[in-house]
Structure formats: C-alpha cells, structure tokens
Amino acid sequence: PKVDPTEVGREKVRRMWAKHKENIRCSITGTSRSEDLNIAKFAIDGTNHRFASELVIAYKCDFNFVDKKDGMTLLDFVQSRIDEEKRLTPPAENKIRDYENLYRAIVRNGGKHAKDL
C-alpha cells in the first residue's frame, strides 16, 4: 500500500495469482483435511474466510480451475462445506451464512462449478 495505488497493487496480486494459482498450497502436516489443496480452500477450512473473501471480492482472482487433488473448483468446495454444515444437527447457521455469502461472491465474480468448465 505504501508503494502502489490500490488498483495497481490489486492487478499485481491478480497477475501473481493467475501465474501460480494451481501451485500455491499449504504443506502436509496432518492437521487439516484441506492440506495440499489450493491455499484459499485451506484458509476457508482454517476459519480464515477473510483471506479467501478478499481474493474473490477485492482482488477478483480467477478460481475457475479444478484442483487436481480434490477435483473441485473453489465454488464446488464452498458448496460442499455448505452441504456438510446443513447435515449437522443442529445446523451451524452462522457458518452456513458465511459460506453462502462467500458462495454468492464467487458467483458474482464469475465463479463456476467444475462441471460447467
């Protein structure tokens, strides 16, 4: 922020993301079910929705790619988390709402399910 105007910084992030999006992953430690998946998926499972949300909303990064490990796009991944939460008794309403907000943001940014790519 001290070097570039906001839009210049966002464009730099988008270019870096476009180049490395399929390879930016967290290492395997045995502590998360989303290890070795795309970093946004790992962040979502690690309760850092803000990181993924900013990539989607502020930076408008492209998530229309299928992660080779789980066969899902980010939209598929978020949908799977919504479905899991809805199966709980009682459902975790706050978590569902967060996931649904992120889902809608991904769709607004052009996000697609793997079957639609």
Taking the basic N atoms (NZ, or NE/NH1/NH2) and the acidic carboxylate oxygens, is any pair closer than 4.0 Å for E84 and K95? no
Looking at E54 and R10, is any side-chain nitrogen of the basic one under 4.0 Å from a carboxylate oxygen of the acidic one? no
Would you say the side chain of [Y] lies within less than 4.5 Å of the side chain of [X], judging by non-hydrogen atoms?
{"X": "D70", "Y": "K41", "value": "yes"}
{"X": "F65", "Y": "L117", "value": "no"}
{"X": "L74", "Y": "I44", "value": "yes"}
{"X": "I96", "Y": "P91", "value": "yes"}
{"X": "D4", "Y": "E11", "value": "no"}
{"X": "L102", "Y": "F77", "value": "no"}
{"X": "L88", "Y": "E85", "value": "yes"}

Considering all heavy atoms, the nearest [X]-[Y] contact:
{"X": "F63", "Y": "T73", "answer": "O-CB, 3.9 Å"}
{"X": "Y99", "Y": "I82", "answer": "CB-CG1, 3.4 Å"}
{"X": "G111", "Y": "L75", "answer": "O-CD2, 3.6 Å"}
{"X": "R14", "Y": "K60", "answer": "CD-O, 3.8 Å"}
{"X": "C61", "Y": "W17", "answer": "CB-CD1, 3.4 Å"}
{"X": "A114", "Y": "D76", "answer": "N-OD2, 2.9 Å"}

Do S80 and D83 have side-chain N/O donor and acceptor atoms under 3.5 Å apart? no
Rounded to the nearest 0.5 Å, how far apart are [atom1] of [X] and [atom2] of [Y]?
{"X": "E93", "Y": "K86", "atom1": "CD", "atom2": "NZ", "answer": "9.0 Å"}
{"X": "I57", "Y": "I106", "atom1": "CD1", "atom2": "CD1", "answer": "9.0 Å"}
{"X": "E100", "Y": "Q79", "atom1": "CD", "atom2": "CD", "answer": "8.5 Å"}

Path from V66 to V78 over hydrophobic side-chain contacts below 4.5 Å: no
Looking at K21, R25, E22, which one forms a side-chain contact (heavy atoms from CB on, under 4.5 Å) with D67? R25
